[in-house]
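All chains are named by letter (A, B, ...) in the order of the sequence lines, taking the proteins before the strands, and each is independently numbered beginning at 1. Values reported hereafter were calculated over all heavy atoms of this structure, with side chains retained and with hydrogens, waters and symmetry mates removed.
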Number of protein chains: 2
Amino acid sequence: MSKKTDITDLDTGELALARPRATLVEVAADKLRELILLEKLPAGAHISERDLAAALGISRTPLTRALTILEQDGLIEYSVTRRPQVANPRLDEIEQNLIVMGALEALAGELACACITDAEIEQVAEYQRQIEAGDSTLSPLESFRLDMQMHEAIVQASRNAPLIDTHLKFNARLWRARFQSSQRRSGRGQTLAEHRAIVDALTRRDAKATSEALRHHLASAVTNTKKALQEDGKAKDRNTETE
Amino acid sequence: MSKKTDITDLDTGELALARPRATLVEVAADKLRELILLEKLPAGAHISERDLAAALGISRTPLTRALTILEQDGLIEYSVTRRPQVANPRLDEIEQNLIVMGALEALAGELACACITDAEIEQVAEYQRQIEAGDSTLSPLESFRLDMQMHEAIVQASRNAPLIDTHLKFNARLWRARFQSSQRRSGRGQTLAEHRAIVDALTRRDAKATSEALRHHLASAVTNTKKALQEDGKAKDRNTETE
DNA sequence: TTTAGCATTTTGGCATTCCAAAACTCCAAT
DNA sequence: ATTGGAGTTTTGGAATGCCAAAATGCTAAA
């Protein structure tokens, strides 16, 4: 009722550094996300807290917290006996996630139409152009990255923080599956057409159309991912792949 | 490649107890959620890890992990100096969350139509009947609870785990705001009509209509919540309310 | 009365440690 | 070759202690 400093957000003197200083937890969480996406920590791998902590040069305390965060993100799962392992979603789980992601992106597109700037539209269009132009020259990874960035840009344009945040988590969860799926060149033409439709609708700021285009695009992703992973699954069945 | 126990999921001998035994972290997280929803830990309150841990009868280690979980759920926020406090979302943040929640429930309704059983529909309809019948007799809290349960039942019927999970988190985040909003009796008739429309569409298993009805219902919630919280905000402005 | 600054207390981050439970090893019995 | 089980190792859960940074209280100068 009396003593209140409340000048929390003054200039720190340093430009652009008003965020909570990085803790080992955050560093570890970021690093882990990276290790998982790059499959340096492969799906399904069991994790030893001690070993991983040692590898990261930290103690178990912050590592455990980082794992807790990744668990919430769906990248780490705990077995019945509480041993952590890298999540290895089944095809049907990936499918369910993609469906939700579709709804999220459709909403993002719809919201974006109400407030997106010309510059932002131009940025999205630019990504689309690069994807199209580099279709036969870019590496799969580069194409994939551009694709991700394009979607990301649209979601960002929605200006809805919880939506952006939730989308980010689903994205992390689905990254590997979508990357694998993108390796297949088949269906490429359709994907490009869908991208064009999205950019077109967005340019017209047609909320309904943008939403519909994104939803349709993600529905295709469901189909393509399913196909890609089913083939992949069969290929792996020939080896003695541990799950 | 060789040694694999892999009989992880056998009957434990005890019925219905195949889940990882409860850790203090989970217990604490659940308890904290409850304390926050009941406003025993009021919005914006600063939290002392030591005090809270003592109050819960545990050490800081599991409490910190529980706080990390609640942070991911959006119920706890960390200040720039890393001091935890109960989240106190601004009106516009609540609004953004409600918008996402609308999309989630609309999707849930749509998916549900494809697989919902007669019994599940009956359950939803039963909730709706109870709400309607008890409109003038039930306590605001009881009405609210029924309302929540009805929505919950629909989302569950979607059979989409990530969707159910995500919806749950948004629900926790929005619980207090929606509860406050539900205290206002105004707009009650409209709410009931919307519920009827939802049940009606769901009964017909009309995905499009169900989705639309839910989306419309949540849009109303945005409006109502905004009204309720604005009034509430003004009322509090007269006091010397610390934020 | 307000404010600047110093001393004290409180706070969360993190490392370390102990412990019970789970996982693994290895050998004997079938 | 397979199985059963005792003994050992490894594992994550949790408590504790220390530290630097932040918050708070207090005093004195303006």
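Put simply, CG on A:Leu67 is 14 Å from P on D:dT11, counting in whole angstrom units. Between A:Gln85 atom CD and C:dA22 atom P the separation is 16 Å, expressed in whole Å. Going from atom CD of B:Glu26 over to atom P of D:dG12 covers 16 Å, rounded to whole Å. Between A:Tyr78 atom OH and C:dA22 atom C1' there is a gap of 16 Å when expressed in whole angstrom units. Separating the CZ atom of A:Arg82 from the C1' atom of C:dC19 is a distance of 17 Å, rounded to the nearest angstrom. Rounding to whole angstrom units, CD of residue B:Glu77 and P of C:dG12 are separated by 16 Å. Across the protein-nucleic acid pair, A:His46 atom NE2 and D:dG12 atom P stand 11 Å apart, rounded to whole Å. Atom CD in A:Glu49 sits about 14 Å away from atom C1' in C:dA22, given to the nearest Å.
At least one test fails for B:Arg176 against the ring of B:Phe179: distance under 6.0 Å to the centre or angle within 45° of the axis.
Nearest to the side chain of A:Ile58, among D:dA15, C:dG13, C:dA15, sits C:dA15. Distance from the side chain of B:Asp51 is smallest to C:dT11 among D:dA15, C:dC14, C:dT11. Out of C:dA23, C:dG12, D:dG13, the shortest distance to the side chain of A:Thr81 is found at C:dA23. Ranking C:dG12, D:dA14, C:dC14 by closeness to the B:Thr23 side chain, first place goes to D:dA14.
Between the side chain of B:Arg50 and the base of C:dG12, a donor-acceptor pair under 3.5 Å is found. A:Arg60 contributes a side-chain N or O that forms a donor-acceptor pair with the base of D:dG13 under 3.5 Å.
A salt bridge does not link A:Arg178 with A:Asp147: none of the charged nitrogens is closer than 4.0 Å to a carboxylate oxygen. Salt bridge status for B:Lys169 with B:Glu71: absent, with no side-chain N to carboxylate O gap under 4.0 Å. Under a 4.0 Å N-O distance rule, the pair B:Glu26/A:Arg82 qualifies as a salt bridge. Salt bridge B:Arg145/B:Glu142: absent, no basic N to carboxylate O contact under 4.0 Å.
Take the nearest nucleotide of DNA chain D for A:Arg83 and for B:Thr61: the residue whose nucleotide is more 5' is A:Arg83.
Nucleic acid contact for B:Ile47: sugar-phosphate only, since backbone atoms but no base atoms lie under 4.0 Å from a heavy atom of the residue.
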